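Have a look at the structure below before the remarks.
Numbering of residues begins at 1 and proceeds along the displayed sequence. Please read these numbers as outputs of a predicted model, since none were measured by experiment.
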Amino acid sequence: MADEIKENSTQKEKGKDKNKSKKKKEPGKVRRWFKDFFSELKKVTWPSFSKVLKQTGTVLLVTVCFLLVVLAFDSLLGYLWELLLGGLSEESVVLSALVGGGGGGLL
């Protein structure tokens, strides 16, 4: 039993040593990251100004089209909602009048 405890403790210490070696920072790691970053940035092909303007115009046109479609659906659903509420309120008044005076005697 004591031997097992010693083996477990030595294994834990070895694990700690491995973690310590992993935590050591490599020298110049930050400098290498920036160097790689800028070298990759140089490889980027940037679009011309006219192409950017054309693509911006396309995005704005598509956005306006979607705005009009959403506005049309909103107006249609709003009209149907008002029609539904208006129909329900008229039916409820007629129904309450038929059932028993419409509640006008309470006032």
Side-chain angles (χ1 to χ4, degrees):
M1 182 93 163
D3 292 333
E4 291 176 11
I5 294 173
K6 286 181 183 179
E7 287 177 16
N8 287 338
S9 64
T10 57
Q11 288 175 354
K12 288 180 183 177
E13 288 175 6
K14 288 180 182 178
K16 287 181 184 178
D17 291 338
K18 288 180 183 178
N19 288 339
K20 286 182 182 179
S21 64
K22 287 182 183 178
K23 289 184 181 180
K24 289 182 182 178
K25 293 184 179 180
E26 298 176 26
K29 189 173 183 179
V30 174
R31 186 178 355 153
R32 186 175 346 124
W33 184 86
F34 275 107
K35 185 178 178 183
D36 292 342
F37 174 78
F38 284 111
S39 70
E40 288 294 323
L41 196 60
K42 288 177 184 177
K43 296 177 186 177
V44 174
T45 56
W46 299 101
S48 65
F49 185 71
S50 63
K51 189 171 185 177
V52 170
L53 284 179
K54 287 178 185 177
Q55 290 178 348
T56 303
T58 304
V59 168
L60 290 176
L61 182 67
V62 169
T63 303
V64 168
C65 289
F66 274 112
L67 173 72
L68 293 175
V69 169
V70 169
L71 185 65
F73 275 116
D74 183 48
S75 298
L76 177 67
L77 291 176
Y79 173 74
L80 292 174
W81 180 255
E82 290 296 324
L83 192 65
L84 179 68
L85 289 181
L88 286 178
S89 63
E90 290 174 7
E91 289 176 8
S92 62
V93 170
V94 171
L95 183 62
S96 62
L98 290 176
V99 170
L106 295 175
L107 296 174

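V59 places a side-chain heavy atom less than 4.5 Å from the side chain of T63.
Linking Ile, Leu, Val, Met, Phe, Trp and Tyr residues whenever their side-chain heavy atoms come within less than 4.5 Å leaves F73 and F66 in two separate clusters. Grouping the Ile, Leu, Val, Met, Phe, Trp and Tyr side chains by contacts below 4.5 angstrom, directly or via other members, places F37 with V30. The hydrophobic clustering, which links ILVMFWY residues whose side-chain heavy atoms are closer than 4.5 Å, places Y79 and V70 apart.
Within a 6.0 Å sphere centred on CH2 of W33, heavy atoms belonging to other residues, nucleotides or ligands number more than 12.
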Determine whether E40 and V44 satisfy the following criterion, side chain to side chain contact (heavy atoms under 4.5 Å, CB included), listing intermediate values before the conclusion. CA-CA 7 Å; E40 288 294 323; V44 174; over 6 Å; no

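Note that the CG atom of L61 and the OG1 atom of T56 stand 12.5 Å from one another [nearest 0.5 Å]. Taking CG from L67 and CG from D74, the interatomic distance works out to 10.5 Å, rounded to the nearest 0.5 Å.
With sequence neighbours excluded, no residue satisfies ring pair (Phe, Tyr, Trp, His ring centres under 6.0 Å) with W46.
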